[in-house]
Amino acid sequence: MSIRTRLILAVAAWCLVAVALVLPLVWLINNRDWGIGLMLLTPFLVYALMRLGRALEVWARATSPPRGARD
């Protein structure tokens with residue numbers, strides 16, 4: 001798998017996770033009386049998404065070991 005393909009997969013995966021987490025959070029904050037309390041969770045969610053993005057970037061840019069290399 002080429003680096004370009006892995007980068008595209010990493011970006012797509014991150015976008016799916018971000019939408020899956022942020023969209024319900026925003027809906028709850030907007031539509032529930034207790035949703036404003038969820039704003040305390042938001043910085044942690046953003047931090048987790050940043051960490052996920054960095055981990056996916058490391059995965060996408062990782063190179064395979066040389067053909068004859070052994071551990």
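- Side chain of Arg61 to backbone of Ile3: no donor-acceptor contact under 3.5 angstrom is found.
- Linking ILVMFWY side-chain heavy atoms closer than 4.5 Å, directly or via other members, places Trp34 and Ile36 in a single hydrophobic cluster.
- In this structure, Leu21 CG and Leu16 CG are separated by 11.0 Å, a value rounded to the nearest 0.5 Å.
- Between Ala10 and Leu56, the closest heavy-atom pair is O-CD1, 3.5 Å.
- Taken together through direct or relayed side-chain contacts under 4.5 Å among Ile, Leu, Val, Met, Phe, Trp and Tyr, Val22 and Val46 form parts of separate hydrophobic clusters.
- Side-chain contact check for Ile29 versus Thr42: some heavy-atom pair is nearer than 4.5 Å.
- Between the Trp14 side chain and the Leu49 main chain, a donor and an acceptor come within less than 3.5 Å of each other.
- The hydrophobic clustering, which links ILVMFWY residues whose side-chain heavy atoms are closer than 4.5 Å, places Met39 and Leu45 together.
- Remark: the backbone N or O of Val26 is not paired with any side-chain donor or acceptor of Asn30 at under 3.5 angstrom.
- For the pair Arg6 and Ala62, the tightest heavy-atom approach, listed with the atom from each and the gap, is NH1-O, 3.7 Å.
- Follow the hydrophobic side-chain contacts under 4.5 Å out from Trp59 and you never reach Leu7; the two are in separate clusters.
- Neither Leu52 nor Ile8 shares a network with the other; the hydrophobic side chains, linked directly or stepwise wherever heavy atoms of I, L, V, M, F, W or Y lie under 4.5 Å apart, form separate groups for each.
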